[in-house]
Number of protein chains: 2
Amino acid sequence: MTYKVKDVAETAGVSVRTLHHYDQIGLLKPTSTTDSGYRLYTDQDLERLQQIMFLKELDFSLQEVREILDTPGFDRMQALASQKKLLLEKRKRLDAIIDLVDKTLYTIEGGDLMAKKEMFEAFDMTEIERHQQQYAEETRQKYVRSSAYQESQKKTAGYSQDDWAVIQTKANKIYQNLADLMDYEPSEPQVQEAIGQWRQHITDHFYTCTLEIFRGLGDLYVQDERFTANIDGIKPGLAAFMCEAMHIYCDRNAE
Amino acid sequence: MTYKVKDVAETAGVSVRTLHHYDQIGLLKPTSTTDSGYRLYTDQDLERLQQIMFLKELDFSLQEVREILDTPGFDRMQALASQKKLLLEKRKRLDAIIDLVDKTLYTIEGGDLMAKKEMFEAFDMTEIERHQQQYAEETRQKYVRSSAYQESQKKTAGYSQDDWAVIQTKANKIYQNLADLMDYEPSEPQVQEAIGQWRQHITDHFYTCTLEIFRGLGDLYVQDERFTANIDGIKPGLAAFMCEAMHIYCDRNAE
DNA sequence: ATAAACTATGACGTTACGTCAAAGTCAATA
DNA sequence: TATTGACTTTGACGTAACGTCATAGTTTAT
């Protein structure tokens, strides 16, 4: 089933000009065109337009939207889950603004004076922008890790049971060493040394662990509860400790 | 207490450029300036800036914001109450978008197909824009009525008790006539004739009842429960009947 | 007295379209 | 079948709300 430009405009509640603009910037190119150059859109195009509208609703620029949607390995379901988080964050801010209206009314009616800062803090976009950046960063990370995953699949395909045993033993030694170092600050040399060993271990046996991947991996250790549970099983708090140490390691090696 | 431009920018979380721009377009002019031309803002300026931010949050253009705030008789408390309604409407739309994310996820997971229209209806701004226009219209109406009120005060200041009795009797006759006509369509000539008499009555004894005021008055009869209760006391449903008839009367006399 | 921080104004650039014009194509109608 | 209305194309100018930059003056801290 295909749709012409006016069909899409009416269905989506946007203007024809908008669709022309999206075509021109490469954000939403119709799947095909007629011999006369008429744009023909498909159901997939409508799905992409819906994603565009979700992301616009979250105040991403059109360039950011395109980058997100064009990321190799873009997963619509995961994206929707993340977008929901952002939308909930936006609603939270809106709730704060509504609450501010009530507080302001109370102030006018002779209630306690409101601090100047409080008059405006609900409008703040910092938290939302932080989530936006985090979302964009997660999207990019998933792509980067997707490449690493493929490298890893290739590498480990030829591993025997003996190979796996050796690798697991090595990994356990590094984990245990790090667990023993938890009384130290994550920035201490011996902790950083062990973290370096962990990174090398991954590179030797799985995939090229760039600093970017390594940093994201650290985040994953505390964000993904399966990782957290697994690592904390060695010693409670180890996942957070490793995450922090990995970030410091990456900061220091970034340049 | 006065604040310089940087103080205000930081307190409100806006840029200095924004404040310059607002000054230039007459939206937020600092209360005073130093001999060197430095802008000095006061607490009142901060209050106006807060109103600006509420209205910006509701997607009014800066010109619309200025018109609203510069309306003679602008009442901050009433404005806040109306803005809260608009904010709640905006949250309602946001809730619909969040719900759409869930529905879209369900669809992807193999649930029932979603109609194309349904994919986009949550993004619709029609209802919000309608509320926006209504809010702007209400603001303008209050001003218009404020002028009429002053004329009315002037006129009725010299009325004696006998005058009031005559006026009341006339009014009751018109109300009763309209009550008797409720079986007719509001557009019927005899209804429209009675409505015209009502308008003339107001102009003769209170204030110049323009079509604009008359139309807004009709709305007031159903929106303000005190009016509704008073008029419906003559016959239930009379307020709504009059409102509709007044609108038709105004439509016909508009040109 | 000097340097850093802050402020002023002017001006160019950006984003995301809206609006308009001119011309071609498609579909409905006489 | 010809004509007309509806729809579509591309190009281009305009708009709103600032961001960013440059230049120069003023205020504040050292």
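This one's a predicted model, so the numbers in the text were calculated from it and none came from an experiment. In what follows, chains are A, B, ... by sequence order, proteins preceding strands, each numbered from 1.
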Report task. Consider only side-chain N and O atoms of Gln50(A) and Thr104(B), and report whether a donor and an acceptor are under 3.5 Å apart. Result -> yes

Report task. State which residue, out of Thr33(A), Asp23(A), Asp45(A), Thr31(A), fulfils the side-chain hydrogen bond (donor to acceptor under 3.5 Å, both in side chains) condition with Arg39(A). Result -> Asp23(A)

Report task. Could you pull out all residues at least two apart from Tyr38(B) that satisfy side-chain contact (heavy atoms from CB on, under 4.5 Å)? Result -> Lys4(B), Thr34(B), Ser36(B)

Query raised in the report: Given dT8(D), is OP1 or OP2 found less than 4.0 Å from the side-chain N or O atoms of Thr34(A)?
Result: no

Report summary line: chain A vs DNA chain C, heavy-atom contacts under 4.0 Å, first-to-last nucleotide span, 5' to 3', is dA16(C) to dC26(C)

Query raised in the report: In chain order, what residues pass the salt bridge (charged side-chain N to carboxylate O under 4.0 Å, His left out) check against Glu127(B), with sequence neighbours excluded?
Result: Arg130(B)

Query raised in the report: How long is the line joining NZ of Lys4(B) and P of dT26(D), in whole Å?
Result: 14 Å

Report task. Starting from P on dT28(D), measure out to NZ on Lys6(B) and report it in whole angstrom. Result -> 13 Å

Query raised in the report: Considering only heavy atoms from C-beta outward, does the side chain of Val8(B) approach that of Phe120(A) to under 4.5 Å?
Result: no

Query - Nearest-Å distance for atom pair CG/C1', residues Leu27(B) and dC18(D) - result: 13 Å

**Report entry** Those residues of residues 35-45 of chain B lying under 4.0 Å from DNA chain C by at least one heavy atom
**Finding:** Gly37(B), Tyr38(B), Arg39(B)

Query - Spacing of CG belonging to Leu100(A) relative to OH belonging to Tyr106(A), to within rounding of 0.5 Å - result: 15.0 Å

Query raised in the report: What pairs with Asp70(A) under side-chain contact (heavy atoms from CB on, under 4.5 Å), at least two apart in sequence or on another chain?
Result: Arg48(A), Arg66(A)

Requested in this report: Decide whether Glu67(A) and Gln63(A) meet the rule of one side-chain donor and one side-chain acceptor closer than 3.5 Å.
Outcome: yes

Query raised in the report: NZ of Lys85(B) to CG of Leu88(B): how many Å apart, nearest 0.5 Å?
Result: 10.0 Å

Query raised in the report: Between Arg93(A) and Asp124(A), does at least one N-O distance fall below 4.0 Å, as a salt bridge requires?
Result: no

Heteroatom pairs (N/O) under 3.5 angstrom, protein to nucleotides 11-17 of chain D:
residue : atom : partner  : partner atom : Å
dA17(D) : OP1  : Leu62(B) : N            : 2.9

Report summary line: Rounded to whole Å, NE2 of His20(B) lies from P of dA22(D) at a distance of 18 Å

Query - Flag for Gln83(B)-Glu57(B): side-chain donor and acceptor within less than 3.5 Å - result: no

